[in-house]
Every structure is written in structure tokens, then in C-alpha cells.
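Have a look at the structure below before the remarks.
Reminder, nothing fancy here: chain letters follow the sequence lines and each chain counts from 1.
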Protein chains: 2
Amino acid sequence: MTARRPTIDDVARLSGVARTTVSRVLNDGPNVRDEVRARVMEAVKALDYKVNPQARSLAGGGSRLLGLVFASDLESEPNSFYHSALELGALRGCLELGYQLVTRHIPLQSADRQQQVYDLIAIQRCEGLIFTPPYSDDAPLIAEVLRRGCKVVSISPGGAGRGLADGVGMDDEAGGYDIARRLIELGHRRFAFMGGIEGHLSADRRLDGLMRALQEAGLGQADLIQVRGDFTFRSGVELTPRLLDDPLHPTALVCANDDMAAGALSVVHGRGVKVPQDLSVTGFDDTPVSAIVWPPLTTVHQPLKDMGRRAVALLASRLTGGRSEAEPEFDCLDHAVVERGTAASAP
Amino acid sequence: MTARRPTIDDVARLSGVARTTVSRVLNDGPNVRDEVRARVMEAVKALDYKVNPQARSLAGGGSRLLGLVFASDLESEPNSFYHSALELGALRGCLELGYQLVTRHIPLQSADRQQQVYDLIAIQRCEGLIFTPPYSDDAPLIAEVLRRGCKVVSISPGGAGRGLADGVGMDDEAGGYDIARRLIELGHRRFAFMGGIEGHLSADRRLDGLMRALQEAGLGQADLIQVRGDFTFRSGVELTPRLLDDPLHPTALVCANDDMAAGALSVVHGRGVKVPQDLSVTGFDDTPVSAIVWPPLTTVHQPLKDMGRRAVALLASRLTGGRSEAEPEFDCLDHAVVERGTAASAP
DNA sequence: GCCTTTGTTGGAAGCGCTTCCAATTCACGA
DNA sequence: TCGTGAATTGGAAGCGCTTCCAACAAAGGC
């Protein structure tokens, strides 16, 4: 009934090596024989040992400070759940791994935005930075930050961000595919898609997935009408009539995010169309709004909290693990279709 | 250009005392002359010294683990922004103060819910617990937790929770008053109030505030029509027609939370009533939904993140500070009316 | 005036970990 | 066979803090 958690010395004792060696194994250090490494790992497992992040960071030196960079401005402000969820995940990761976090909102329109990022490194002494879109695709910025010796993780990088630094995100194409598959299973054959602003790669890939599902079902361009919104509730409101009045008479409306779906829903209600009996509507992201509207929105869950946490983990592995010079890696997290009340059998 | 942060030894040296004494001052310990205490504090200020939470928690022993308890069940699930924001704030606090956090969702309907809370203390070894509503008003539970030597902070305690343990929240009465004042300033004289479920003290106090503002303006019961919803979007949808069709013809609709206001908005749109020209609508809480609807919702900001952080700070001061046996204290945080687009001059 | 009590301060031992550096082993080529 | 360098391992010194315990001063009690 001893409550004390095992320490590194317990592991060292059990595996018959010095504390130093255990530390090396734990940090993926070099110069440890495989046999010894295995023995240590075994002891770790046997004791259910977990490193004490506090002790590690005390001893490890360095600032142990990470930065989370948002491009908040009036346009992205509404999305504050996005920010909160990412930060929440990042904080959880930091607490687990013994890092500190500073969250910084740097408006895109500020002229010295690069400098503000560099200050995070030079003045605050951040050892790693997490960039959210659109910073996650700012190749010159990322390159310069890396050049200054600061590690980088991009959240949902589109084109430029990939390959330059580590990244975290979900498979948007598969998300679009999955939700479309589900609707096809429910008997839908005529679709409408409400996309996002041009150039937003994430949303475009969602459409790609939808198209793939349609093709697999023997459907094509003729069975789909699409429009582009700007991710806001308002654009959902404005664009929905065009979709409803189209001669195609879609029975399923797939939206590239939840906010637009919510806008669509409000218009549909106003017209007396029953959801989901007459029309199925789906969102994307699984933000709180999806649970708030009526009927609650069937959507695709994007694991924002996990993304934040994974971003920190990637940074940590660059900073202490053996990955410090490894090839950039993209960590693709699982998504899931969340069935609520807006998708049902085609009328 | 030395980057190193000052340590406790720097403070000790500058103030000419031993490290031990500085530590005592920093932790509100007893047995330090006022003169010495002042000298140390001066040095702290001069050096801009901040304790290193990692080191403190390493040396301090104890689990340094806090628990955040939610009563998530199907009914409160939609409110997940509430959870996220509180946890986010709590995590920020933990990072600052060197604590760990476990977040636990314990359904109200689970028969062994008390046991699950006690396990948090006995098995996980939490040193402090943060209770959210309705746990924050569960007096027997709180009393038992305290009896077991675990500190408690209640979030938004209503009746029973106050006085038993420390609490954090906002002044709901003042919030209701402020939003009503604003509407009165805008010339409104006929009001509708959409409240929450019976017994939800927080929402009731918001109504109290509204009434006070009305009375101050020479208005009374006759100028107000009220209904009770259940905080969901759906109840907003269902109740709004009753309000609009009332012979009072209110020009301002005050809702006890944002979700119901969003529901009201969608009904109002459907009827062709213009917001805010024909009708002003206000929410409460300033959750993301308020920025997502159209027009964006004028609402009262509830500082959820700060509440989470303050809760941790209170716990910390109980655990290490001199407050370990002090009288319970209620920490009332500032709220603010957030003017967006749904409140304008009365027609 | 001496002894105990109370209040105040400092010394020193860690908390659990990383890391510098020295020690040891091993595999080679000379 | 011996020397050399590389690979592997261990010893020990802290990281910045709390806390136990001893030391000392001031204040009462006889």
C-alpha cells in the first residue's frame, strides 16, 4: 500500500544498471546496447514507471517553453472554440511532458508579425513553436524560425507547411469521403456541397473525398451542386436558398464546416422543410455549435484537442528525443463521423 | 544580456538573509519579522523574481495533483464549450503554479458518483478538487471531501455551496442588471425574459438583476413577460413564438443564456422580424455560439477561463499559502456586456 | 540570576532527474 | 601482443526549491 511512485532509481536498481543509463534509454540517447535498453524498458514496464516531468525539466535546463501562435483577427475571431480546443490540448500535453506554454495571437495584418514571432524565440526564449493556419503554411517564416534553432510544428498544414517541419492534422479527404459514404448508404443520390473560401486546402480536400464517394457509387458531377461560402453562419444562410431551389433537388447537403451547416439549418426550418425527413444536412468539425442547433447536427469530428496535444508531443520529441534532426513527419489523427439528428434515409 | 532568471538564492543574497527565510516569506510562513519580510519582498520586486514551480513541486513533496469534476451527462453535454473553457483556465493556472490536473466527468446518474469522487482523493491522491455545478452545491459531498483533508473550490455555487468551501463565479444579478440597463438606455420599455430551469440559481439571479433595472426605470411586472426554458437551443425555438405573440409586444428579449437566444433568433428570422431593428435580443455567457449566429449576439461575457484559473489559484493558496484554515472565500469575477449586433434602439 | 519557553534564523539534506566527465570494455590494426 | 579510438557505462554534481533540525536571541517564570 505504499503510495510512492517509482523513481528512476527504482528502475535502475531493478534492471541492474546505473541511473545514468536509464536516463539515456528514456531519452532515446545513443550508446546503449540493445540488450541493456530492452532490460531497462522491461523494468520500466514492470514498475509502471513514468518520468517525473517536474524533475526532468528542473534538471534538464533550458527554458522548456513552447509557443502557440494564432492568427486571430476579426475574421477568425468567431472560431474561438477552435482556439480554445487547440490550446486546451496543448496545455494538457505540456502538463504531461513538463513544458510551459505561451499562447500568442498575432494578427496577420500587423506589419511586424514576423518580428513578433522572432521575439518569441529571442526574448521569451521559446524552444519550440506551434503554428496554426495560416501561419502553418508560411514557408519563409517557418524556415527562418527553424534556422534560428527553434523547433516547429504546423497544425493542419496545407501545401507549403508540409515537409518543412513536423505537422499535425486529420485526413480531410477521408473525412469528406466518410460522411458522403454514410449519406449514400442512407439512400441519398442527389447532393449539394457548401465549400469554403477558395484556396483553403482543408475544405477542398473534404470535397475531394465527397467526390470519390460519389464516383464509387456510380454518381458524378451531374448529381452534385456546389457553392462556396466563407465558413460563417451568415454565408450558410445566404447560400442555402440557391441550393434548395436548384433543379437538382438535392436530398443531402454536405457543408464544409459546422457554422455554415447551422446557417443552412435555420433557412431550411424557415421554409418548413423537415430535417432530416425531407433533407439531410451535415457539418464538419464537431464544434459546440453542432450540438446546440436543432436537430443536433450530424458532423465529422475533428480531434482538435488531440491535435494540440500531439503538437506538443512532437515538439518534445524533437527537443529531447532522438528525433532532433529527423525528417519532418506528419501526424495524421483519426476523425469520426458523429451521428446526431440531421442525417436520415433519403425521402 | 544574461538570460538566466533570478533564483531564490539571488533574492536571499540581495536581501541578506538565508534561502530558508526567503522560502518562508514566499510561502506566507510564520515566524518572520515584518522588517525581514518587507526586505525580502523588496528584493523579490527588484529582481522581478518568480518562483520556479517545477522546483517547488519537486521539493515540496505531495502529489501536487488537482481534480476538476464535471457532471457531464446527456443534458449538459451540449455545453461542452463551458467545460473546455473552464478546463483551459484551470490548466493555465496549473502550469503557472506547478500543479497537475486531472479532469473527470462523473455522471450525476451513476449510483457510485460519491465513491468516484472519493477515489480521486484516495487513489489518484488529489490534494484539491474543483467542483462545477451542480456538484458545487452538493453540500454533503463537499463536506465529506473536506473531512478527508482535500481542499475544495466550487464553481458558481448557488446556495449550499457557499460558505462551505471557497468559490469562484460572477455576479449574475449584476450581469442581468447591466444588460437590462443597456437596453433601457436604448429606449426599450417592454421586455421579455427567457429564463432557465427552475432552481437554477444562477439564471434566477440574472432575472433579479433585470427586475432591478426595470424598477429603477420606473417599470414593473406589467412591462415584462417571462417564460422558463431549459437552456437549450430547442427551448429557445419553442418558447419564442409565445413571447412574440404576447399582447405586450416586447421590443427586447433577454435570454438567460446564449443557446436559447440563438434559438430565438432563428425563429425571429423565420417570421421576417428584423433584428435588431424590430426586436433586440440578448444572450448570456458569451460562448462561441454568440459570435456564430447572425447577427452576432449581444451578450454578457462570463469569464469562464478566468474562473478556472482562479479556482486553481484558490486551491493553491489553501494548500501552500497561509490560508489553509481560513474562512471560505467567494471570488467574484468581473463580467462585461459584449455589444455585437442584436441590440439597438427600440423601434 | 538561571532555566525554560517562544520566536526567529540559518545549515544542510534531499525531491527526481539530466549531464559532464571519467572509467571501463571492446574491436581493431600495427 | 599491445596500443588506440570508439562504444558503452557509471559517478557525481547540480537544477531551484522545501523542510527538518539545530542554533541562537529574546522573553518570561521560579
Side-chain angles (χ1 to χ4, degrees), chain A residues 3-40 43-44 47 49-65 96-100 127 316 319-322 324, chain B residues 3-40 43-44 47 49-65 96-100 127 316 319-322 324:
Chain A
R4 207 177 56 81
R5 280 179 45 174
T7 74
I8 194 172
D9 287 320
D10 296 325
V11 176
R13 210 169 306 123
L14 182 61
S15 47
V17 299
R19 185 201 300 179
T20 313
T21 304
V22 177
S23 174
R24 258 193 293 267
V25 171
L26 260 26
N27 293 296
D28 286 324
N31 300 340
V32 182
R33 271 183 308 147
D34 288 347
E35 187 256 319
V36 173
R37 188 181 297 275
R39 193 141 43 89
V40 170
V44 165
L47 293 171
Y49 169 77
K50 302 264 187 293
V51 297
N52 179 331
Q54 332 265 355
R56 170 179 275 182
S57 73
L58 221 209
S63 69
R64 290 234 145 208
L65 182 65
E96 251 169 39
L97 269 23
Y99 283 85
Q100 294 284 333
E127 301 180 321
L319 287 167
T320 70
S324 75
Chain B
R4 206 177 57 81
R5 281 180 42 173
T7 74
I8 193 173
D9 286 319
D10 296 324
V11 177
R13 210 170 305 124
L14 183 60
S15 48
V17 299
R19 184 201 302 178
T20 313
T21 303
V22 177
S23 173
R24 230 173 255 132
V25 171
L26 260 26
N27 293 296
D28 286 323
N31 300 343
V32 182
R33 273 183 306 148
D34 287 347
E35 188 257 318
V36 173
R37 189 182 298 273
R39 194 141 43 89
V40 170
V44 165
L47 293 171
Y49 169 77
K50 301 262 186 296
V51 296
N52 178 331
Q54 331 266 353
R56 170 179 275 181
S57 73
L58 221 209
S63 68
R64 291 235 143 205
L65 183 65
E96 253 169 38
L97 270 21
Y99 283 85
Q100 293 284 332
E127 300 180 320
L319 288 168
T320 69
S324 74

Name every donor-acceptor pair, under 3.5 Å, that has one atom in a side chain of residues 52-61 of chain A and the other anywhere in the protein, sequence neighbours excluded.
| from | atom 1 | to | atom 2 | distance (Å) |
| --- | --- | --- | --- | --- |
| A/N52 | OD1 | A/Q54 | N | 2.8 |
| A/N52 | OD1 | A/A55 | N | 3.2 |
| A/Q54 | OE1 | B/S57 | OG | 2.8 |
| A/R56 | NH2 | A/N27 | OD1 | 3.2 |
| A/S57 | OG | A/P53 | O | 3.4 |
| A/S57 | OG | A/Q54 | O | 3.1 |
| A/S57 | OG | B/Q54 | OE1 | 2.8 |

Side-chain polar contacts of residues 29-38 of chain A - donor-acceptor pairs under 3.5 angstrom, sequence neighbours left out - could you list them?
| from | atom 1 | to | atom 2 | distance (Å) |
| --- | --- | --- | --- | --- |
| A/E35 | OE2 | A/R39 | NE | 3.1 |
| A/R37 | NH2 | A/G29 | O | 3.1 |

Of all residues at least two apart in sequence or in a different chain, which pass the side-chain contact (heavy atoms from CB on, under 4.5 Å) check with A/L14?
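Listed in chain order: A/A43, A/A46, A/L47.
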
Between [X] ([atom1]) and [N] ([atom2]), how many Å, whole number?
X      : N      : atom1 : atom2 : result
A/D9   : C/dG14 : CG    : C1'   : 12 Å
A/E127 : C/dT18 : CD    : C1'   : 14 Å
B/L58  : C/dG16 : CG    : C1'   : 5 Å
B/K50  : D/dC15 : NZ    : P     : 21 Å
A/Q100 : D/dG16 : CD    : P     : 14 Å
B/R56  : C/dG16 : CZ    : P     : 18 Å

How many angstroms lie between OG1 in A/T21 and CG in A/L26, if you round to the nearest 0.5 Å?
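Spacing of OG1 (A/T21) from CG (A/L26) equals 11.5 Å.
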
When you measure from the side-chain N and O atoms of A/N52 to the phosphate of C/dC15, is any distance below 4.0 Å, counting only OP1 and OP2?
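It does not, given that no N or O in the side chain of A/N52 lies less than 4.0 Å from OP1 or OP2 of C/dC15.
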
Sugar-phosphate atoms are those with a prime plus P, OP1 and OP2; base atoms are the rest. Using that split, label each nucleotide of nucleotides 6-12 of chain D B, S or - for protein heavy atoms under 4.0 Å, 5' to 3'.
-SBBBBB

Any B/S23 side-chain heavy atom under 4.5 Å of B/I8 side chain:
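Side chain of B/S23 against side chain of B/I8, heavy atoms only: contact under 4.5 Å found.
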
Close side-chain approach of A/R5 and A/Y49, heavy atoms under 4.5 Å
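A/R5 vs A/Y49: side chains apart.
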
Measure from the side-chain heavy atoms of B/A59 and tell me the nearest of C/dT18, C/dG16, D/dG16.
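Of the options given, the side chain of B/A59 lies nearest D/dG16.
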
Counting only side-chain heavy atoms from C-beta out, which of C/dT19, D/dT18, C/dG16 sits nearest to A/A55?
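Closest nucleotide to the A/A55 side chain: C/dG16.
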
Contact class for B/T7 (heavy atom, under 4.0 Å): base, sugar-phosphate, or nothing?
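Here B/T7 touches the backbone only, sparing every base.
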
